[in-house]
Amino acid sequence: MRHLVLIGGGHAHVHVLKQFGETPLPDAEVTLVGRDIETPYSGMIPGFVAGHYSFEDCHIDLARLCRRAGVRLVHGEATGLDRTARRVLLKDRPALDYDLLSIDVGSAPNVGAIEGADQWAIPVKPIAELGRRWLEFCGRMKTWLGPLNVLVIGGGAGGIELALAIDHRLREVAKAAELQVTLATKDEILTGQAEAARRRLRAIFRRRGIRLLEQSGARRIGRGAVELADGQWHQADAVFVVTEASAAPWFAETGLPLDERGFLAVDDMLRSTGDDRVFAAGDCATVLEHRRPKAGVFAVRQGAPLADNLRRVLGGEQPRPFVPQRRYLSILGTGDGRAVATRGDWAVEGRWVWWWKDYIDRRWMRMYQ
Ligand SMILES: Cc1cc2nc3c(=O)[nH]c(=O)nc-3n(C[C@H](O)[C@H](O)[C@H](O)COP(=O)(O)OP(=O)(O)OC[C@H]3O[C@@H](n4cnc5c(N)ncnc54)[C@H](O)[C@@H]3O)c2cc1C
């Protein structure tokens, strides 16, 4: 009997669980360590913020998925590895022995890079925490009178969707407030994506009265205000930080090879370049031969090859390489029942694009709920 430990209930691991449920692993015991039992599906979180989805719509119940897959669930948080003794170290719990390990713990915006962010900003990760804080915030905003300034820092897909979703929801909830949502980002929005998508989104921000400050990185966050790159302080009653993904600090102490940003370095089989017993997928891993943006779509796509390779290794076979696609479809909800889709150098927009996104996301969720 061999013991496979899965750390984190991220997008790739939920597929591994489903796969093991459909075709059980012979002669292997599997344990999943998850910090959150209800694991969020990132693609639908801005829709949750906008008020289109309920909590249940956009969360996967790991306990149920594990039960169906015959996988033991440990509700806990991994804090490190003892690779010599082959043990996963857990917070406030005894360590777990492993023969084979797979890590899919995601990433978090680098709040440490902005002074005061850990004290004053509402964190968007863990996403489970964002959901709770957001509902609380909406509750308080119902009776808010006068100016209400909300600042979102970070102009990637997550930040854009979040700013648009917040604007939409607060206009419904904070009826007596004079709302101003602002998105500030250090470069231009959506770097690396089509110019056509940037053009459309800038027009949407203008139309909706959402202030967009490009080339305006945040320097410092204080009580009720944020200092941007130009040295000006901008009023902010609430600040959300959705900046570049950063790696879990405990990776640095595992002795595993990391990329230059501290993410686990893996080969094209999703296996650590320094330890045959460790696999990793999703945001927390960087496939050195095929670097891609840290986005949920890639974590989702890695689910099937990861499940296949874990099964092969447990069966004494060689894992197989996997080449992720270079171009990918990105659909950004604009919070108001519309969306912008972009792939390669084109972009389209409309209500039907939102229906399309909603269909894709709900279909994905149905597979795991
Ligand atoms: C607001 C927002 C909107 C976004 N929208 C999109 C989008 O529309 N499309 C897109 O492609 N990407 C989107 N992203 C990016 C997306 O969130 C990530 O790329 C995606 O979640 C990565 O998936 P993952 O499987 O790597 O990890 P995650 O989905 O983050 O899952 C990690 C899991 O591991 C668990 N975990 C973490 N640490 C530990 C630990 N130490 N021990 C045990 N368990 C642990 C967590 O509880 C979680 O369940 C968005 C991000 C944000 C912030």
Side-chain angles (χ1 to χ4, degrees), residues 5-17 31-50 58-62 65 73-81 88-93 96 101-109 122-131 134 152-154 156-166 193 240-245 247-251 254 263-264 270 280-286 292-303 306 328-333 335 339-342 357 360-361 364:
V5 176
L6 307 171
I7 307 179
H11 297 53
H13 276 175
V14 293
H15 187 83
V16 171
L17 291 175
T31 301
L32 181 126
V33 180
R35 192 184 55 202
D36 303 297
I37 298 296
E38 304 278 357
T39 196
Y41 172 45
S42 59
M44 289 170 84
I45 294 301
F48 168 75
V49 169
C58 52
H59 286 77
I60 297 163
D61 181 354
L62 280 184
L65 206 55
L73 173 64
V74 172
H75 186 193
E77 186 173 343
T79 54
L81 300 180
V88 180
L89 310 178
L90 303 178
K91 186 174 167 187
D92 304 329
R93 275 177 166 273
L96 271 177
L101 192 65
S102 177
I103 307 175
D104 178 16
V105 294
S107 61
I122 299 177
V124 297
K125 291 267 182 122
I127 286 187
E129 171 74 2
L130 170 69
W134 175 246
V152 177
I153 301 172
I160 289 174
E161 280 196 289
L162 199 63
L164 291 160
I166 287 173
Q193 301 258 35
F240 295 82
V241 177
V242 202
T243 47
E244 218 176 14
W250 60 267
F251 291 169
T254 59
F263 293 103
L264 299 166
L270 304 176
D283 277 10
C284 71
T286 296
R292 298 289 183 270
K294 301 283 177 203
V297 299
F298 293 107
V300 164
R301 291 283 160 76
Q302 287 172 337
L306 178 66
Y328 64 104
L329 175 70
S330 173
I331 311 184
L332 287 86
V340 175
T342 174
K357 173 174 169 58
I360 294 172
D361 286 341
W364 191 82

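Counting starts at 1 for both ligands and their atoms, following the listed order. Both backbone and side-chain heavy atoms feed into the values below; hydrogens, waters and symmetry mates do not.
- The shortest non-hydrogen separation linking G9 to T39 is O-OG1, 2.8 Å.
- Annotation for ligand 1: atoms under 4.0 Å from non-hydrogen atoms of W250 are 41 (N).
- Taking every heavy atom of both residues into account, G303 and H15 meet most closely at C-CD2, 3.5 Å.
- Residue-ligand proximity, V297 to ligand 1, at heavy-atom distances under 4.0 Å covers atoms 11 (O).
- For the pair D104 and V14, the minimum side-chain heavy-atom distance is 4.5 Å or more.
- Between E38 and H59, the shortest heavy-atom distance links the atoms O-CD2, 3.6 Å.
- Of the protein's non-hydrogen atoms, R35 N, 3.2 Å is the one closest to atom 44 (N) of ligand 1.
- For the pair V124 and ligand 1, the shortest N or O to N or O distance does not fall below 3.5 Å.
- Neither the backbone nor the side chain of F298 has a heavy atom within less than 4.0 Å of ligand 1.
- The nearest protein atom to atom 2 (C) of ligand 1, hydrogens excluded, is given as G158 CA, 3.9 Å; this is a heavy-atom distance.
- Atoms of ligand 1 lying under 4.0 Å from at least one heavy atom of V33, given by number and element, are 43 (C), 44 (N).
- Residue D36 places at least one N or O, backbone or side chain, under 3.5 Å from an N or O of ligand 1.
- By the 4.5 Å heavy-atom criterion applied to side chains, Y328 and R292 are not counted as neighbours.
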Begin with the C-alpha distance, continue with both residues' side-chain angles, and end with the deciding distance and a verdict on side-chain contact (heavy atoms from CB on, under 4.5 Å) for L73 and I37. CA-CA 9 Å; L73 173 64; I37 298 296; 3.4 Å; yes
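- Looking only at side-chain heavy atoms (C-beta outward), S102 and L306 come within less than 4.5 Å of each other.
- Using a 4.5 Å heavy-atom cutoff, the side chains of L89 and L81 are not in contact.
- G10 CA, 3.2 Å is the protein heavy atom nearest to atom 31 (O) of ligand 1.
- Using 4.0 Å as the threshold, G76 has a heavy atom nearer than that to some atom of ligand 1.
- The shell of residues lying under 4.0 angstrom from ligand 1, judged by heavy atoms, excludes I45.
- Looking at D104, L90, V74, V105, it is V105 that brings a heavy atom closest to atom 36 (N) of ligand 1.
- Counting only heavy atoms of the protein, atom 42 (N) of ligand 1 lies nearest to A78 N, 2.9 Å.
- The closest side-chain heavy-atom distance from W134 to L162 is not below 4.5 Å.
- Residue H11 has at least one nitrogen or oxygen atom sitting less than 3.5 Å from a nitrogen or oxygen atom of ligand 1, judged on distance alone.
- For atom 18 (C) of ligand 1, the nearest protein heavy atom (residue, atom name, distance) is D283 OD2, 3.3 Å.
- Less than 4.0 angstrom separates atom 9 (N) of ligand 1 from none of the non-hydrogen atoms of the protein.
- Nearest heavy-atom pair, G8 versus H13, reported as atom, atom and distance to 0.1 Å: O-ND1, 2.6 Å.
- Shown in contact with G282 at under 4.0 Å from a heavy atom are these atoms of ligand 1, numbered in order with element: 26 (O).
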May I have the list of side-chain donor-acceptor pairs in residues 40-50 shorter than 3.5 Å, sequence neighbours left out?
residue, atom, partner, partner atom, Å
Y41, OH, D361, OD1, 2.9
S42, OG, H11, NE2, 3.2

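- Contact record, H75 with R93: O-NE, 3.3 Å, taken as the closest heavy-atom pair.
- Heavy atoms of H13 found under 4.0 angstrom from ligand 1: none, in either backbone or side chain.
- Within a 4.0 Å radius of atom 51 (C) of ligand 1, the protein contributes no non-hydrogen atoms.
- No heavy atom of P126 sits closer than 4.0 Å to any atom of ligand 1.
- The shortest distance between side-chain heavy atoms of I103 and T254 does not fall below 4.5 Å.
- Between I127 and ligand 1, not a single N/O pair is under 3.5 Å apart.
- A 4.5 Å side-chain heavy-atom check between L65 and L32 finds every atom pair outside the cut-off.
- Around atom 17 (O) of ligand 1, the closest heavy atom drawn from S42, G296, G106 belongs to S42.
- Within the structure, the closest approach of A157 to ligand 1 does not fall below 4.0 Å when heavy atoms are considered.
- Heavy-atom contacts of T39 reach the following atoms of ligand 1: 48 (C), 49 (O) (cutoff under 4.0 Å).
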